[in-house]
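As the structure lists them, so they are numbered: ligands from 1, and atoms in each ligand from 1. Numbers here simply count residues along the sequence, with the first being 1.
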Amino acid sequence: MDVTGKLLLFCGPSGSGKTTIAHHLLKKFHQLAFSVSATTRPKRESETDGVDYHFISPEEFRRKIEANEFVEWEEVYKDRYYGTLKSEIEKIWKDDKVAVFDVDVEGGLKIKSIFGERLLSVFVMPPSVDELHLRLKARNSETPESYQARIAKSEHELTYAFRFDKVIINSELDEALKNAEKIIAEFLGIK
Ligand code: 5GP
């Protein structure tokens, strides 16, 4: 099966479960490879540099912007920059794999407009705004300010769901994972 040049995009508000779903699929389908973004936000304890993100300084991030090394980049939260590196996609395609992106909605729409038909875009929805608040709180990874910023951005992002090829409602995680597996198998042409 030829998957050359294909891409898979996951978007959805912080707390929707998109990262959990993307990581599950990456384990399940050997054809997929995660595009590791660069960011200036501090590393969380659970994260590994070079695996979850390339954690870099604001100076290094600016240098990469000037050197045109990003497909897209965004100041997702104040003073917190995130960007998709061209080198990641090139590396993944060289390995004959499908590049998987986990980015915010603005960045996702940019990626979508660049790659068009070769890309499947998936939006992960929480079952409700209340549930989204609870999940973000339970994650306990944020300061009160960044928690508030994430809530505000999340609610805004929900309004973009209709722009994506597929929407997965993550109410019961097991069900959402099965649904996601089905969608990806179809995209990869696996019977
Ligand atoms: P977190 O700090 O929770 O890891 O990510 C915050 C937000 O930034 C999430 O919505 C995540 O998907 C998004 N993000 C991660 N990498 C990128 C990227 O390369 N570009 C853009 N535009 N957003 C990203």
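In this model, no donor atom of one side chain and acceptor atom of the other lie less than 3.5 Å apart for E60 and H54.
With sequence neighbours left out, the side chain to side chain donor-acceptor pair (under 3.5 Å) criterion links E131 to R135. For A149, the side chain to side chain contact (heavy atoms under 4.5 Å, CB included) test picks out Y77, with sequence neighbours left out.
In this structure, the separation between CZ on R63 and CD on E59 is 11.5 Å, given to the nearest 0.5 Å.
Relative orientation of the F101 and F115 rings is parallel, given thresholds of 30° and 60° on the angle between their planes.
Closer than 4.0 angstrom to ligand 1 sit non-hydrogen atoms from K18, S37, R41, R44, Y53, E72, E74, V76, Y77, Y82, G83, T84, D102, V103, D104, G107, R139, R150.
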Donor-acceptor pairs under 3.5 Å, side chain of residues 170-185 to any protein atom, not counting sequence neighbours: which ones?
{"from": "N170", "atom 1": "ND2", "to": "S16", "atom 2": "O", "distance (Å)": "2.9"}
{"from": "E181", "atom 1": "OE2", "to": "H24", "atom 2": "NE2", "distance (Å)": "2.6"}

